[in-house]
Number of protein chains: 2
Amino acid sequence: MYDVGKRAGVSSATVSFILNGRGSGGDRISEETRQRVYRAIAELGYVPNQSARALRRQKTDRVCLVIPQIGTPFSDGLANSVQSVAEAHGYSLILSMSGGRERERHVFEQLRRGLADGAVLFDPEHLTNEELAQLAHAGVALVVQCNRVQGTNFDVVKIDEIKALQDAVRYLYDHGRRRVAFLFNVTESGIQEERLQSYWQTWRELGVPILESFVLRNVGRLREQVYRSVSKLLQSSERPDTIMAGSDMFAISAVWAIRDAGLRVPEDIAVIGIGNIPEGEITHPPLTTVGVVTPTFGDLTGLLFSRLASPVPLDGRVMTRQWELILRGSA
Amino acid sequence: MYDVGKRAGVSSATVSFILNGRGSGGDRISEETRQRVYRAIAELGYVPNQSARALRRQKTDRVCLVIPQIGTPFSDGLANSVQSVAEAHGYSLILSMSGGRERERHVFEQLRRGLADGAVLFDPEHLTNEELAQLAHAGVALVVQCNRVQGTNFDVVKIDEIKALQDAVRYLYDHGRRRVAFLFNVTESGIQEERLQSYWQTWRELGVPILESFVLRNVGRLREQVYRSVSKLLQSSERPDTIMAGSDMFAISAVWAIRDAGLRVPEDIAVIGIGNIPEGEITHPPLTTVGVVTPTFGDLTGLLFSRLASPVPLDGRVMTRQWELILRGSA
DNA sequence: TTGTATGCGTTATCAC
DNA sequence: GTGATAACGCATACAA
């Protein structure tokens with residue numbers, strides 16, 4: 001900036017003022033000076049340094065979206081949504097993957113060190129309430145989607161899923177299903193597992209036993225892995241009449257596997273997913289699932305940017321999203 | 001740091017030295033002092049400020065992976081791969097989405113301003129050679145996957161895809177296919193389009209005309225959108241006997257649509273994708289495609305981190321990945 | 001073995 | 001209308 005100023009015959013202060021007219025000094029830079037400075041900037045290829053600016057302003061103009069894993073239809077939609085809103089508010093979006101304990105802690109550490117002004121944490125598994133509070137206390141605008149936590153200085157979006165999960169089981173029970181298989185992945189403190197626990201619990205209350213061989217605890221993250229897991233399951237002599245999957249993606253992969261094995265959905269095997277991703281509408285039959293009826297990410301972004309815009313620290317807000325049983329053809 | 005020092009009865013310099021012992025001073029901090037400082041750090045909840053550190057060291061310890069769009073199996077694999085390697089080298093990974101002209105320029109600007117020490121740019125559409133050179137000149141370690149560019153101060157990974165694309169067309173031609181449909185999306189300077197141009201060109205050389213109504217230029221990004229586009233195509237009285245898709249994901253969605261329409265792949269309609277994603281192995285029939293036989297991202301990360309590690313500016317290196325026609329069942 | 005002093009590139013207050 | 005100047009939080013050469 002000093003060099004730019006020198007070339008334009010002004011001080012670095014003037015350059016700074018022209019680049020982002022704040023502080024005192026009013027609007028009063030002569031048009032002529034302004035032009036000279038712009039020319040000098042162009043000639044020198046000058047570009048302001050973000051680290052220095054952030055240091056001085058105590059503000060990075062960045063927000064961070066933390067997702068366990070990219071590559072799912074859901075994270076895709078979320079990221080695009082947050083990015084649009086961030087841009088509209090003059091923030092850059094940074095994406096971080098938090099899958100696994102190490103990575104989650106790493107991202108947390110980065111945020112503590114001032115990576116961004118605000119963050120949306122999606123399903124953090126290992127962070128405690130205190131750590132989140134600490135982060136928020138350090139000045140990071142925080143919105144957390146997670147059922148485990150509650151904060152006084154950050155916002156939480158919760159999902160009320162229990163009832164919908166119970167509804168799903170009762171529905172299947174009422175339609176005579178008794179041989180139930182589960183598809184999910186065990187992660188360190190996995191939310192998938194929690195949800196399937198709800199299923200399991202409800203079946204037990206209805207007096208239906210769960211066959212251990214029908215519980216697939218490690219179906220893999222990728223479609224082809226899930227497909228193979230299910231194909232294998234179908235080869236055994238004892239076949240399930242129902243598959244409850246930990247995600248819609250798993251459920252869809254299961255539907256393929258079933259159809260490719262020459263069986264019918266839902267006549268031979270009913271399939272139900274979790275999450276309600278758009279893709280579920282085009283499987284044959286369309287996927288029965290459990291989730292938010294019309295998925296939207298407006299609540300998350302709304303909380304984040306209202307918090308960023310607020311001049312005073314806001315209290316912790318809580319929003320609850322209601323899940324429902326969405327009956328389509330597959331179950 | 002000053003406060004930490006005060007509490008531990010030392011200067012801020014000593015704290016800094018303990019936190020990252022470099023510079024002069026050797027290793028010589030007494031164990032006792034060290035402990036006192038660590039205790040003070042813990043008690044105060046002190047955490048170093050990245051902006052200040054980056055400003056002083058002229059180094060962010062971050063690398064940035066720039067992908068047009070997350071949510072594809074490919075970007076997922078790439079991101080995970082880069083993240084692992086980055087962690088191993090002591091860097092944090094930042095993900096940025098560059099889809100669309102605005103966003104791409106925005107990310108470019110962020111990098112110029114010092115967002116990260118290095119970056120992998122995947123298929124940048126709008127950046128010129130000069131801009132990339134300028135970025136590299138500014139000190140950003142740069143690896144670009146793109147066929148359009150070549151740099152003297154950054155690395156380029158190219159894909160030699162022409163021959164494989166031509167092979168695909170000839171193969172289809174030799175098997176009697178003549179009514180060819182195309183599936184892709186027109187983007188501002190899209191690579192999908194380029195590839196389909198190669199197809200088109202080859203068909204023309206073979207004397208096969210392309211029906212305009214078989215060219216779907218806007219099938220959408222999501223699986224369900226593609227599925228619907230194809231379903232609609234199949235309803236018209238004139239049906240194609242071949243579908244050449246701009247990506248494997250499109251091809252897979254097409255296979256579903258065809259099967260759900262009661263037609264057979266490849267007997268009624270042959271389908272061929274581009275990219276060779278793992279999921280292609282589990283469609284029925286498995287997907288014929290064009291791409292790298294065993295996808296790996298080692299070349300990209302290798303180039304990036306060798307560049308970051310190099311004490312002197314490296315010349316621009318070029319690596320070429322060879323594409324091949326991968327015959328499986330769908331064509 | 002530790003402290004002093006300086007500068008990294010900005011921004012913002014104040015004086016002129 | 002514009003220019004000095006003092007932070008912002010840290011790292012490091014050098015003095016002690």
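Both A13(B) and L55(B) lie near DNA chain D, and the one whose nearest nucleotide falls closer to the 5' end is L55(B).
Counting to the nearest Å, the P atom of dG9(C) and the NZ atom of K6(A) are 14 Å from each other. Per the geometry, CD belonging to Q35(A) stands 16 Å off C1' belonging to dG1(D), to the nearest Å. Whole-Å rounding puts the I29(A) CD1 to dG3(D) P distance at 8 Å. The nearest whole Å value for the distance from the OH atom in Y2(A) to the P atom in dC8(C) is 12 Å. Summarising the geometry, the separation between NZ on K59(B) and C1' on dT12(D) is reported as 16 Å, rounded to the nearest angstrom. Taking atom CZ of residue F17(A) and atom P of nucleotide dG1(D), one finds them 12 Å apart after rounding to whole Å. The CZ-P distance, from R112(A) to dG9(D), rounds to 16 Å in whole Å. Nucleotide dT6(C) holds its P atom 23 Å from the CZ atom of R57(B), rounded to whole Å.
Rounding to the nearest 0.5 Å gives a distance of 13.0 Å between CG of L55(B) and CZ of R53(A).
Put simply, the side chain of R148(A) gets close to the backbone of L127(A): a donor and an acceptor are under 3.5 Å apart. A donor-acceptor contact shorter than 3.5 Å links the side chain of N147(A) to the backbone of I159(A). In this structure a side-chain-to-backbone donor-acceptor pair under 3.5 Å is missing from S310(A) to S306(A). T128(B) places a side-chain N or O within donor-acceptor distance of the main-chain N or O of E131(B), the cut-off being under 3.5 Å. Between the side chain of E104(A) and the main chain of H126(A), a donor-acceptor pair closer than 3.5 Å is present. A donor-acceptor distance shorter than 3.5 angstrom exists from the side chain of D117(B) to the backbone of T60(B), with no hydrogens or angles considered. Side-chain atoms of R321(B) come within 3.5 Å of backbone atoms of T296(B) as a donor-acceptor pair (strictly under, hydrogens ignored).
Put simply, S11(A) has no side-chain N or O that comes within less than 4.0 Å of OP1 or OP2 on dT2(D). The side chain of S30(A) contributes an N or O atom lying less than 4.0 Å from OP1 or OP2 of dT2(D). For the pair T33(A) and dG1(D), the criterion of a side-chain N or O lying under 4.0 Å from OP1 or OP2 is not met. For Q58(A), no side-chain nitrogen or oxygen approaches OP1 or OP2 of dA7(D) to under 4.0 Å. Listed pair R56(B) / dG7(C) fails the phosphate criterion, with no side-chain N or O lying under 4.0 Å from OP1 or OP2.
The rotation axes computed at either terminus of the helix from dT1(C)-dA16(D) to dC16(C)-dG1(D) lie 40° apart, taking five pairs at each end and rounding to 10 degrees.
Taking only side-chain atoms of S16(A), from C-beta outward, the nucleotide of dA11(D), dT11(C), dG9(D) with the closest atom is dT11(C).
Nucleic acid contact class of M1(A) (heavy atoms, under 4.0 Å, all strands): base. Within 4.0 Å (heavy atoms only), G5(B) reaches no atom of the nucleic acid at all. Within 4.0 Å of G114(B), counting heavy atoms only, lies no atom of the nucleic acid at all.
Of all the residues in residues 44-52 of chain A, not one reaches under 4.0 Å from DNA chain D with any non-hydrogen atom.
Nearest heavy atom pair, residue A86(B) against residue V63(B), reads CB-CG2, 4.0 Å. Nearest heavy atom pair, residue P48(B) against residue R113(A), reads O-CG, 3.4 Å.
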